[in-house]
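This report refers to the structure that appears directly beneath it.
Chain A is the first sequence line, chain B the second, and so forth, proteins listed ahead of strands; every chain is numbered from 1.
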Number of protein chains: 2
Amino acid sequence: MTLDFYKKNKKILLAVDCIIFGFNKEELEILLIQRDFEPEKGKWSLMGGFVEEKESPSESAQRVLKSLTGLDDIYMEQFAVFGNPDREPQERVVSLCYFALINTEILSTDYKAKWFKLDKCPPLIFDHNEMVVEAHNKLKKKAALYPILFELLSDKFTIPQITLLYEAVYENQLDKRNFTRKLLASKLLIKLNEKDKENSKKGAYYYKVDKTVYKEKIISFLNFLPGWYEE
Amino acid sequence: MTLDFYKKNKKILLAVDCIIFGFNKEELEILLIQRDFEPEKGKWSLMGGFVEEKESPSESAQRVLKSLTGLDDIYMEQFAVFGNPDREPQERVVSLCYFALINTEILSTDYKAKWFKLDKCPPLIFDHNEMVVEAHNKLKKKAALYPILFELLSDKFTIPQITLLYEAVYENQLDKRNFTRKLLASKLLIKLNEKDKENSKKGAYYYKVDKTVYKEKIISFLNFLPGWYEE
DNA sequence: AAAAATAAGTGTTAATTTGACACTAATTAT
DNA sequence: ATAATTAGTGTCAAATTAACACTTATTTTT
């Protein structure tokens with residue numbers, strides 16, 4: 001009886017798919033690959049892979065991410081399961097969806113992945129376009145409460161850069177004065193004695209994240225974006 | 001080549017486990033079953049089952065819930081994946097975790113499940129105790145933003161009952177005056193011309209949820225619980 | 001060297017929301 | 001009639017919010 005219980009149940013191919021967000025200083029982007037195998041060879045796709053024998057799903061997601069970007073230690077979160085029996089034509093696959101936030105500057109370019117602006121995402125295989133939409137929605141909700149968007153920026157960044165980032169994620173204009181005030185009130189940022197002179201004549205001071213505060217900081221970020229969630 | 005790609009990957013037993021929350025007018029409870037099969041026969045366990053061939057994981061979770069409670073149409077949310085390779089001794093099983101909110105009054109009692117107070121939960125099989133803790137944490141976060149806790153109450157309820165419910169979920173005392181004010185300001189409640197006289201001499205007015213508002217209503221519930229998330 | 005151009009950075013105010021706080025009202029039981 | 005019990009309500013000071021536009025620092029142009 002012991003093993004019968006398990007044996008009578010069908011096993012399933014279990015995949016992970018990663019929506020990898022990046023920020024190009026102006027727009028939110030996602031990293032896609034062109035499939036080089038059947039089915040759907042040549043089509044654009046999220047990065048994915050199967051959960052292997054000796055790894056947990058989050059380890060699979062990390063492996064996939066590493067194999068495609070060379071990056072370790074990336075912010076990643078499981079946010080959905082796509083598992084309709086017929087979502088892939090060849091074989092039943094249940095997919096665990098993760099979104100990841102990476103700083104695109106760190107990423108070397110010799111991987112065959114390509115960045116696409118979120119609003120110019122090509123048609124993707126299977127239900128991957130739906131996954132992207134859900135990931136973006138989840139990102140908006142999460143980032144309203146937790147300061148995770150800093151994962152998309154370099155170690156040092158300017159206030160105008162953060163503002164552009166939030167405007168990109170929420171597809172909305174922000175009041176610069178109010179936003180800056182709230183940012184600084186969060187006590188999350190440390191002002192550096194150095195300016196970014198690339199993007200303006202006056203130059204904007206660099207800041208970095210106070211890591212000790214960052215770990216504890218949640219929810220206080222709420223209402224950074226007055227009203228975005230009510231629309 | 002087509003199918004080789006899939007074939008070389010190992011399939012995995014995919015389970016769903018449900019943390020079913022209920023509210024007994026005083027405390028938050030979860031519904032558990034005593035396993036009547038090996039392994040771990042006789043031990044307490046979450047309700048679970050395997051994802052079958054023709055169903056999506058959320059359908060599996062609904063089926064499990066229905067088979068154990070007779071209930072349909074229950075609020076349910078996937079909140080975690082437990083998938084360490086060795087989390088079950090006999091066989092590798094990846095578990096998709098759902099939490100559900102049900103009104104215990106509707107539930108008939110001839111199912112062999114049993115309610116346990118959340119803080120008096122017995123030792124459970126495998127990693128189920130961890131799942132319960134994560135579910136409770138997730139519930140707290142979600143319910144701070146969305147009015148989902150009404151799913152735990154009957155169609156009509158009193159303000160004192162809601163207050164007790166929030167106090168139970170957040171394990172904290174609430175200021176009755178401020179909480180009531182915010183509740184009513186949410187425009188989510190419709191006052192009925194009827195009182196509950198069971199629980200007090202004066203009697204407390206019943207309210208019901210305004211379903212049209214309920215569907216849209218999110219986040220405005222935030223800060224119902226000043227400071228709970230900062231501790 | 002003066003003027004123009006550009007983007008950074010900053011302050012005020014009125015309205016709203018918050019949290020802290022304690023008494024009155026309605027009913028039943030004695 | 002009195003006591004007991006729980007429901008229900010109001011005020012105020014402090015903090016937070018959103019709406020709003022000018023000054024500053026620097027480089028480029030003339």
Here's a test of your reading of the structure: between A:Y205 and B:K195, which maps to the more 5' nucleotide of DNA chain C?
A:Y205

Donor-acceptor pair present, [X] side chain and [N] base, under 3.5 Å:
X	N	value
B:R181	D:dG8	no
A:K202	C:dA8	yes
A:N178	D:dA19	yes

Roughly, in whole Å, what's the span from [atom1] in [X] to [atom2] in [N]?
X	N	atom1	atom2	answer
B:E198	C:dT28	CD	C1'	15 Å
B:R177	C:dC23	CZ	C1'	9 Å
B:Q173	C:dG19	CD	P	16 Å
B:L184	D:dG8	CG	C1'	10 Å
A:K191	C:dA8	NZ	P	14 Å
B:N172	C:dG19	CG	C1'	15 Å

Looking at [options], which one has an atom nearest to any side-chain atom of [X]?
X	options	value
B:K197	D:dG8, D:dC20, C:dT28	C:dT28
B:I159	D:dG8, D:dA19, C:dA20	D:dG8
A:K201	D:dT27, C:dA8, D:dC20	D:dT27
A:K182	D:dG10, C:dA5, D:dA18	D:dA18

With sequence neighbours excluded, what pairs up with B:K138 under the salt bridge (Lys or Arg N to Asp or Glu O under 4.0 Å) test?
none

With heavy atoms under 4.0 Å as the rule, sort A:D175 into base, sugar-phosphate or nothing.
base

Heavy atoms only: give me the nearest B:P122-B:F116 pair and the separation to one decimal.
CD-CD2, 3.4 Å

Please state whether the phosphate of C:dC21, meaning OP1 or OP2, lies under 4.0 angstrom from any side-chain nitrogen or oxygen of B:K176.
no

What I want to find out is whether A:K25 reaches A:E198 closely enough, with some N-O distance under 4.0 Å, to be called a salt bridge.
no

Could you tell me whether the side chain of B:H128 and the main chain of B:L46 form a donor-acceptor pair under 3.5 Å?
yes

Classify the side-chain pair B:D17/B:S95 by whether it contains a donor and acceptor separated by less than 3.5 Å.
yes

